[in-house]
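Note sheet for the following structure.
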Amino acid sequence: MTLKLGVIGTGAIGQEHIRRCSQVLQGAKVVAVSDINLNGAAQAVKRLGLDAEVLPDGKQVIKASNVDALIITSWDPTHEEFVLAAIAAGKPVFCEKPLAVTAAGCKRIVDAEIAYGRRLVQVGFMRPYDQGYRALKKVIDSGEIGQPLMLHCAHRNPNVDEGYTTDMAITNTMIHELGVLRWLLNDDYVSAQVIFPRATAHTHAKLRDPQIVLLETVKGARIDVEVFVNCQYGYDIQTEVVGENGIASLPEPSSVLLRSGAKRSHTILTDWKDRFIDAYDVELQDFINGVIHGELTGPSAWDGYAASVAADACVAAQKTPGLVSISLPPRPAFYER
Ligand code: NAP
């Protein structure tokens, strides 16, 4: 069976996902696309050599009779509406993170999916598919470093444009950390605090950069995450887990050790597309396989909701000097792994 996909949003990651579904992965092809910028969508179809229809809006892609499943890669505030429409149409949907821009929006998706009665949604949290994160989780789960006590993390981007605002450091960037760390620790969050160090001169009027987010988990681990999106030097993701008996760190992406010009050096990646390129392939193949076999097992709408509940608290904590508590309702049986 070849799964026929509709893609809504043909910007940076939309084109990446279309390329991988068409040229790298097995079992799927893209048959319809849409973007608010129709001309851009048509150009993307042409550039990628696709035999796909360009439809005037996302809802038409969802309804199209030849589309079996959806990939949502439009901008964040549109995700909820498109995912809800996909559920209403009974079509499986892979939605890029964030699932919705607020926890309330994610909850509406959770409720709709439970009412439908079967998992239809996978959220684009790709880090659990990354070999480095998988290796780190294996070490933690083995018990070799004992219980995790503290985590020191960093999410650094070289720069962001002027449309990127202080809250987006949470809803668009930190959401990756919120998603992957609860998976890594098999834990949830109970409080958040945000601290603003001296701002970099490379930021702009609408963005306080960098930020430090402090989290506490149900099991009592403490996590600090530096979110620094104008760090200039590269796209750099760091995670160090301090346990009772040792410390485990996320592996660096492999790169040649260069001895040249009286220096020893490694290249640091600058583009997010390259840092997790294999993980994106594996997550989307997992989605395709899951749809074909009738069982989605990747990050769920509940995972998107849980991350979003924490994200809402972090956004509130940006405006409050102290701690903001995080309260996640019990996971419904529907989402038990
Ligand atoms: P982008 O390059 O700006 O692409 C978003 C596209 O969606 C743009 O072409 C935009 O058009 C279009 N769009 C906006 N509203 C739409 C609507 N109502 N219907 C259809 N298309 C619409 O951004 P991106 O970097 O590809 O990001 C897209 C999504 O993927 C975001 O939600 C982002 O958070 C997520 N993402 C995830 C990762 C990851 O690591 N998992 C990485 C990157 C991005 P205009 O440009 O004309 O507004």
Side-chain angles (χ1 to χ4, degrees), residues 11-13 15-16 75-76 96-98 124-136 150-181 184 193-215 222-242 247-281 307 311 314-315 318:
I13 202 163
Q15 291 188 43
E16 275 293 289
W75 69 304
D76 299 2
E96 261 311 332
K97 54 79 199 128
F125 286 145
M126 75 295 183
R127 292 189 190 181
Y129 293 97
D130 174 66
Q131 281 196 11
Y133 273 106
R134 285 186 177 204
L136 181 58
M150 295 175 281
L151 277 77
H152 309 298
C153 311
H155 187 131
R156 304 190 187 114
N157 293 49
N159 47 59
V160 291
D161 63 33
E162 303 244 324
Y164 187 105
T165 52
T166 300
D167 59 330
M168 285 172 72
I170 305 295
T171 59
N172 190 275
T173 299
M174 175 77 191
I175 195 83
H176 273 305
E177 308 296 328
L178 293 168
V180 78
L181 296 178
L184 195 63
Q193 186 177 4
V194 176
I195 292 168
F196 292 99
R198 176 181 178 180
T200 169
H202 296 293
T203 194
H204 54 79
K206 292 182 188 154
L207 173 63
R208 293 180 76 179
D209 186 43
Q211 312 179 19
I212 300 169
V213 181
L214 303 173
L215 298 164
R222 296 286 184 151
I223 303 170
D224 55 88
V225 184
E226 170 201 317
V227 182
F228 187 12
V229 293
N230 286 290
C231 80
Q232 308 296 300
Y233 72 86
Y235 182 81
D236 193 8
I237 305 299
Q238 300 286 328
T239 304
E240 181 184 83
V241 184
V242 181
I247 295 176
S249 298
L250 182 69
E252 294 287 341
S254 76
S255 76
V256 171
L257 169 61
L258 185 62
R259 289 176 165 83
S260 166
K263 284 186 190 140
R264 282 191 300 147
S265 63
H266 285 279
T267 299
I268 297 177
L269 296 171
T270 53
D271 193 329
W272 54 264
K273 294 189 205 81
D274 300 326
R275 173 63 181 84
F276 289 109
I277 191 160
D278 296 332
Y280 293 122
D281 286 351
C314 293
V315 171
Q318 288 179 328

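Values below: all heavy atoms of this structure, side chains included; hydrogens, waters and symmetry mates excluded.
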Please walk me through it: do Glu96 and Ile13 pass side chain to side chain contact (heavy atoms under 4.5 Å, CB included)? CA-CA 9 Å; Glu96 261 311 332; Ile13 202 163; 3.5 Å; yes
Compare all side-chain heavy atoms of [X] with those of [Y] and state whether any distance is below 4.5 angstrom.
| X | Y | result |
| --- | --- | --- |
| Ile170 | Val227 | no |
| Phe228 | Thr200 | yes |
| Val225 | Met174 | yes |
| Thr239 | Tyr133 | yes |
| Glu226 | His152 | no |
| Arg275 | Asp130 | yes |

Where is the tightest heavy-atom contact between [X] and [Y], given as atom of each residue plus distance?
| X | Y | value |
| --- | --- | --- |
| Ala12 | Lys273 | CB-CE, 4.3 Å |
| Cys314 | Val194 | O-CG2, 3.5 Å |
| Pro210 | Pro197 | O-CD, 3.3 Å |
| Ala154 | Glu177 | O-OE2, 4.3 Å |

Pairwise side chain to side chain donor-acceptor pair (under 3.5 Å) hits with a residue in residues 157-169, at least two apart: His155-Asn157, Tyr164-Thr173, Thr165-Asp167
Approximate separation, where rounding is to 0.5 Å, of [X] [atom1] and [Y] [atom2]:
| X | Y | atom1 | atom2 | value |
| --- | --- | --- | --- | --- |
| Ile277 | Leu269 | CD1 | CG | 10.0 Å |
| Ile195 | Leu214 | CD1 | CG | 4.5 Å |
| Phe276 | His176 | CZ | NE2 | 7.5 Å |
| Cys153 | Leu181 | SG | CG | 4.5 Å |

Where the side chain of [X] meets the backbone of [Y], is there a donor-acceptor pair that is under 3.5 Å apart?
| X | Y | answer |
| --- | --- | --- |
| Gln232 | Asn230 | yes |
| Arg134 | Pro128 | yes |
| Asp209 | Thr203 | no |

Evaluate the criterion side chain to side chain contact (heavy atoms under 4.5 Å, CB included) for residue pair Arg156 and Tyr233; output intermediate values, then yes/no. CA-CA 9 Å; Arg156 304 190 187 114; Tyr233 72 86; 2.8 Å; yes
Under the side chain to side chain contact (heavy atoms under 4.5 Å, CB included) rule, what do Phe125 and Ile175 come out as? Steps first, then yes or no, please. CA-CA 9 Å; Phe125 286 145; Ile175 195 83; 4.1 Å; yes
cation_pi(Arg208, Phe196) dist<6.0 Å, angle<=45: yes
Side-chain polar contacts of residues 249-258 - donor-acceptor pairs under 3.5 angstrom, sequence neighbours left out - could you list them?
| unit_1 | atom_1 | unit_2 | atom_2 | d |
| --- | --- | --- | --- | --- |
| Glu252 | OE2 | Gln238 | NE2 | 3.1 |
| Ser255 | OG | His266 | ND1 | 2.9 |

According to the salt bridge (Lys or Arg N to Asp or Glu O under 4.0 Å) rule, which pairs have a member within residues 257-267, sequence neighbours left out? none
Could you go through the side chain to side chain contact (heavy atoms under 4.5 Å, CB included) check for Lys97 and Asn172 one step at a time? CA-CA 8 Å; Lys97 54 79 199 128; Asn172 190 275; 3.5 Å; yes
